[in-house]
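A short write-up of the structure that comes next.
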Amino acid sequence: MATEQIVEPTQEELDALNAELSSRTPQEILRWAMDRFGDGLILACSFGGISGMALLDMAVKLKPDIDIFYLDTDFLFPETYRTRDRAVEKYGIRPVAFKSRYTPEEQAQEFGDELWRSNPDQCCALRKVEPNRRALEGRTAWIAGLRRDQASTRRDVQPVSWDRKFGLYKISPLAYWTEKDVWRYIFANDVPYNPLHDQGYPSLGCTYCTRRVAEGEDSRAGRWSGTGKIECGLHK
Ligand code: SF4
């Protein structure tokens, strides 16, 4: 576990880093982050998105014992757990699950039935944001699969940023990759991916808040459909 005291960088420091890293490959960015942050670095992989799976493959090839976590909201698709199991088998990894302090039953009792309908922001805060905070405790940087082409809210993603919400660096090695780039990597490297992507689910989260998308729809249109919500609160 990290012991380094991390200090928020200035905007100039971040700009200089990104000017240097934005022309590098994702693997080079990962290598830089591993050298810079050592054991303070942790990889987030949801076993839902293709970006996370590509990053997992790259990261494990560079550092087989890299620390990995995922958020188990208790509402994941069975296919997501199966993708996790396939990754465990293929890479020999030991991803750590972080769960809400509330079981689904306790959440219903305390905050009402179907909180994902009545107040999805609160539901995500309880089942994603708070466990994510615990997962990042004592860390100096985390790696996430954000890409600029995923959503309008992600258009400015940089390879390195300061994550104010959680108080550490956030590394996004795929910031400049497109969905096509990720698929190309997945097929070229035989990376396991969630089979629901082949069944009309380009973006996956919890069962209650993910629907199939129609041909031509935005890839994240199936997340929190009809609520106006587009992010779970981890990245915005
Ligand atoms: S995605 Fe939906 S079910 Fe999952 S934590 Fe957020 S609101 Fe709750």
Side-chain angles (χ1 to χ4, degrees), residues 42-53 55-56 68-85 87 95-137 142-147 149-154 157 163-166 170 172 174 179 182 193-214 217-236:
I42 191 164
L43 171 71
C45 181
S46 69
F47 304 104
I50 51 168
S51 293
M53 298 310 293
L55 275 180
L56 173 66
I68 301 162
F69 80 96
Y70 66 104
L71 302 175
D72 185 349
T73 62
D74 293 305
F75 301 142
L76 303 179
F77 287 91
E79 288 85 348
T80 301
Y81 294 109
R82 285 205 285 276
T83 305
R84 173 202 61 191
D85 294 345
V96 178
F98 281 82
K99 287 186 162 222
S100 174
R101 294 191 190 283
Y102 296 86
T103 64
E105 296 73 27
E106 286 167 349
Q107 176 170 300
Q109 216 163 15
E110 186 90 12
F111 303 97
D113 278 338
E114 303 194 336
L115 189 61
W116 50 91
R117 277 188 210 280
S118 60
N119 192 341
D121 284 343
Q122 188 179 24
C123 187
C124 277
L126 295 170
R127 312 208 77 76
K128 290 189 169 187
V129 179
E130 189 280 329
N132 202 68
R133 192 174 297 285
R134 262 185 285 128
L136 299 180
E137 258 168 33
W142 65 307
I143 306 165
L146 302 187
R147 302 192 321 266
D149 74 338
Q150 281 170 324
S152 56
T153 47
R154 298 186 179 182
V157 170
D163 187 335
R164 281 216 173 82
K165 180 171 256 176
F166 298 112
K170 181 154 67 178
S172 305
L174 302 181
E179 187 182 341
V182 182
Y193 65 89
N194 200 306
L196 289 175
H197 292 305
D198 296 332
Q199 296 166 41
Y201 294 86
S203 177
L204 286 164
C206 296
T207 51
Y208 296 122
C209 302
T210 308
R211 68 155 171 85
R212 270 198 178 86
V213 305
E217 266 191 311
D218 189 88
S219 68
R220 284 178 70 84
R223 305 290 298 278
W224 304 285
S225 186
T227 68
K229 181 175 166 70
I230 48 173
E231 292 280 357
C232 58
L234 295 177
H235 303 297
K236 275 285 168 184

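Order of appearance sets the numbers: ligands from 1, and atoms from 1 within every ligand. Just so it is clear, the structure is predicted and the values come from calculations on it, not from any experiment.
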Discussion item. Below 30° counts as parallel, above 60° as perpendicular, anything between as tilted: where do the rings of Tyr208 and Trp116 land?
Written reply: parallel

Worksheet entry | Atoms in ligand 1 flagged as close to Pro120, the criterion being non-hydrogen separation under 4.0 Å | 7 (S)

Worksheet item: Just wondering, is there an N, O or S atom on Cys206 that's nearer than 2.8 Å to atom 8 (Fe) of ligand 1?
Response: no

Fill in: Main-chain N/O of Gly48 paired to Thr80 side chain as donor or acceptor, under 3.5 Å
no

Fill in: Which residues share a side chain to side chain donor-acceptor pair (under 3.5 Å) with Ser172, sequence neighbours left out
none

Worksheet item: Rounded to the nearest 0.5 Å, what separation is found between the CG atom of Leu174 and the CD atom of Gln150?
Response: 8.5 Å

Worksheet item: Of all the atoms in Cys209, is at least one N, O or S atom closer to atom 2 (Fe) of ligand 1 than 2.8 Å?
Response: yes

Worksheet item: Ser100 side chain to Leu126 main-chain N or O, any donor-acceptor pair under 3.5 Å?
Response: yes

Worksheet item: What atoms of ligand 1 come closer than 4.0 angstrom to any heavy atom of Phe75?
Response: 3 (S)

Worksheet item: Hey, which atoms in ligand 1 end up nearer than 4.0 Å to a heavy atom of Arg127?
Response: 5 (S)

